[in-house]
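Bear in mind the structure is a predicted one, so any value in this text is a computation, not a measurement. Computed from heavy atoms alone, side chains included, the values below leave out hydrogens, waters and symmetry copies.
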Amino acid sequence: QVQLVESGGGLVQAGGSLRLSCVASGRAISGYIMGWFRQAPGKEREFVANIAWGGVSTSVADSVQGRFFISRDDAANTVYLQMNSLKPEDTAVYYCNAGSVWPSRLPGKSWGQGTQVTVSS
């Protein structure tokens, strides 16, 4: 099973940007659909974005469309989430995920530990 470690979270003002990274180990991510999910306090974990093998296709939640962009570097075994024009409602713990089935937005079996993103107004 692939192990995932996220980084890049932090505190940012509304309108700012952050880039999250997810470094995988144990297995090459080239064989996996990779995704990002988030969970805000008191809410269920929700889909943010995912990316198909080789990065040929991506899917992004309506709430972040045009602001968040997912990418992958299979040579570096890393997935990224570029977050622009951040809003206070984007505040959540962001989780990296591996092993979904394209084009489903349901998560796969492998999760990272999460990284906190806080957007101040």
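Shortest non-hydrogen contact noted between Gln113 and Val5 is OE1-CA, 3.7 Å. When every heavy atom of Arg67 is checked against every heavy atom of Leu86, the shortest pair comes out as NH1-CA, 3.8 Å.
The residue from Thr91, Leu81, Thr115, Asp90 that alone fulfils the side-chain contact (heavy atoms from CB on, under 4.5 Å) condition with Arg38 is Asp90.
Side-chain atoms of Asn84 do not come within 3.5 Å of backbone N or O of Ser17 as any donor-acceptor pair. Of the possible donor and acceptor atoms, none in the side chain of Thr58 sits under 3.5 Å from a partner among the backbone N and O of Ile51. In terms of modelled atom types and a separation under 3.5 Å, the side chain of Asn77 and the main chain of Val23 share no donor-acceptor contact.
Screening residues 1-118 for disulfide bond (SG atoms under 2.5 Å apart) gives Cys22-Cys96 as the qualifying pairs, with residues at least two apart or on separate chains. Within the structure, disulfide bond (SG atoms under 2.5 Å apart) contacts touching residues 25-90 (residues at least two apart or in different chains) do not occur. Sequence neighbours left out, the pairs with a member in residues 93-121 that pass ring-ring contact (aromatic ring centres under 6.0 Å, His included) are Phe37-Trp111.
At a cut-off of 3.5 Å, with distance as the only test, no side-chain donor of Thr78 or Arg72 sits close to an acceptor on the other residue.
Once rounded to the nearest 0.5 Å, the distance linking CD of Gln116 with CD of Glu6 reads 12.0 Å. Atoms CH2 and CD, from Trp36 and Glu46 in turn, are 14.5 Å apart once rounded to the nearest 0.5 Å.
Cluster membership check: Val64 does not share its hydrophobic cluster with Ile33, using side-chain heavy-atom separations under 4.5 Å among Ile, Leu, Val, Met, Phe, Trp and Tyr. Under the 4.5 Å side-chain heavy-atom criterion for grouping Ile, Leu, Val, Met, Phe, Trp and Tyr, Val119 is connected to Val48 within one hydrophobic cluster.
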